[in-house]
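Worksheet for the structure shown next.
Chain A is the first sequence line, chain B the second, and so forth, proteins listed ahead of strands; every chain is numbered from 1.
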Amino acid sequence: MNTGTPALTIRALRVRRAAREVIEVPHLEVGAGETVAVLGPNGAGKSTLLLAAALLLPADGEISVFSEAARRNVQVRLRRQTATVFQDAALLDMTVRQNVEVALAMHGVGKAERRVRAEEWLGRLGVAHLAGQRGHAVSGGEAQRVSLARAFAVRPRLLFLDEPFAGVDHATRATLTGELRTLLAAEGTAALFATHDHSEALLLAERVVLLDLGRPLQVGLAAEVLARPESVRAARFLGFSVLGPASCALLGLRPVEGVSHAAVAPEAARLEAGGVPAVVRRVEAGSGVGRLLVELASGDTLAIGQPIEALRDSSMAAGCEVPVMVDQARAVWLAR
Amino acid sequence: MDLLLDALREAMRLLRTGDGEVYSITLRTALITGASTLVAALVGLPLWLGIALGRFPGQRVLLAIANAGTGFPPVVAGLLVAVLLWRSGPLGALGLIYTPWAMVIAQALIATPLVVSFAAAGVMALPPALHFQIRAMGADRMQYLWLVAREARLALFVAVMAGFGGVVSEVGAAMMVGGNLAGETRVLTTAAVPEVNRGNFGTALALGLILLIFVVMVSAMLTTGQARVQRR
């Protein structure tokens, strides 16, 4: 997918705030039609990176949109090749239809065509019935649909998505993610997508940039990055348990040469009779699947994926002893 | 109580009999406060745009000055304008002292910080995402300013109302630079002061009542306008 003129090229990007460097990205590219997810915990700098890339924040370094350097005097024109959807839908205090039309007006679209395109896109996003309502009067999920309609209506060649579904309920989020995937594929729009949700990144993006403290930790194909963290920090953010040499020996994990730490995904660990004894510390809820966190005799914590119903069992209460095992073949050895 | 009733009777008599002088004073009050508010809006709103949306060193200092200006004593404003326009002053050659223009200048000086401060507060209260969103839509500078002003239109309306409120009841500066000349610079507030000095409380209260009716009418008009702006 990453062929031809890149939609976005970033080189030596630095963003400073209060005399502190909050973003430092040596290189990042989004190919034409490609979706790249910027994945990181809260405070990693995802939004700041996105705002800088969207030419909405002053930054040092080079940013090119479709190979045109984003010099100060061309930034408005370049922004008109892009669109941005924010976590806060930020609808203007006018009708839903006008919210879409005003964006089209800024792109020089004539009045008659504005109306047609606004209605077309509100219809495609399933909010045509809200066209006459005030932007401030619609629900969070509806506002995000309007925001997406506003973004797609201007036919952007590059879309910036800053955790667009973070503020909506789980079911709406799942639906919107699916719809967004379809739209991106149908329109062939390149996208840079900030999220802290692994499954969103996996579903939408071809490639993932793991961002931590404003710096990329790991960049690669989405499935590869999410399955094979390369560092302790990346592993921890991705929900892997990081086990030291003592834990590895305890669990019978044989390290590859030169490395001593293993990352274990919750799905690679299980409760099994005859396993290594560990003490339950707490349970964590997830959607459908939860995690049981146990402490090994070596002091490391191991997360074990479990169905939510199983976690309600009294044998999994904090302080209980459980036998655990780890699938050797699924352990990821960490070089750093 | 009798004094108040007498005042009410006197006010009604003045209004009923169509006292030419009272109507002329009321009309002059409307024109001078209207002009002052207009000048304050024309000067204050661009200043507000610069202060609220610009990024330059000293921005906070300017806003602090505007905020402090909301408490600018009208007498000091009047004194400043009087010194400037006095016949031997730097702008004395313009011959504006003791004219309605001098009153408009002094009152605009009082109203402008009110307009700037209220309007800036309204714009700064807009969600930060909105500023990013407008620029992200591809707005150029003018489109950005227009949309921000549109989003903050209620605050701008309130700012203009605050400016009007600041000058309509003001008497010190108007007296100092206008001189309360009958038929020329006498307005409702300055007309009431000498009546009190002479002990004509009835007439003074009547003028006060007319001023109150005037303020209520203008406020009602502005509130209706505000509601229309809100619906748009």
What heavy-atom pair brings [X] and [Y] nearest, and what distance separates the two atoms?
{"X": "Leu56(A)", "Y": "Phe132(B)", "result": "O-CE2, 3.5 Å"}
{"X": "Arg135(B)", "Y": "Leu55(A)", "result": "NH2-O, 3.9 Å"}
{"X": "Glu151(B)", "Y": "Leu92(A)", "result": "OE2-CB, 3.3 Å"}
{"X": "Leu130(B)", "Y": "Leu91(A)", "result": "CD1-O, 4.0 Å"}

>> Please check if the number of heavy atoms outside Phe165(A) that lie under 6.0 Å from its CZ is greater than 12.
In response: yes
>> Other residues, nucleotides and ligands only: do more than 12 of their heavy atoms fall within 6.0 Å of CZ on Arg181(A)?
In response: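 Atom CZ in Arg181(A) is not crowded, with 12 or fewer foreign heavy atoms closer than 6.0 Å.
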> Is Arg150(B) salt-bridged to Asp93(A), going by a charged N under 4.0 Å from an acidic O?
Replying inline: no
Looking at side-chain heavy atoms only, is the closest gap between [X] and [Y] below 4.5 Å?
{"X": "Met137(B)", "Y": "Asn99(A)", "answer": "no"}
{"X": "Gln133(B)", "Y": "Arg150(A)", "answer": "yes"}
{"X": "Val76(A)", "Y": "Gln143(B)", "answer": "no"}

>> Can you tell me which portion of Ala151(A) sits under 4.5 Å from chain B's heavy atoms? Options are side chain, backbone, both or neither.
In response: neither
> Under a 4.5 Å heavy-atom cut-off, does chain B meet the side chain of Ala103(A), its backbone, both or neither?
Replying inline: both
> At a heavy-atom separation under 4.5 Å, does Leu126(B) approach chain A through its side chain, its backbone, both, or neither?
Replying inline: neither
>> Please identify, among Ala129(B), Ala136(B), Pro127(B), the residue contributing the most non-hydrogen atom pairs under 4.5 Å to chain A.
In response: Ala136(B)
>> How long is the straight-line distance from CG of Asp140(B) back to CZ of Arg79(A), given to the nearest 0.5 Å?
In response: 10.0 Å
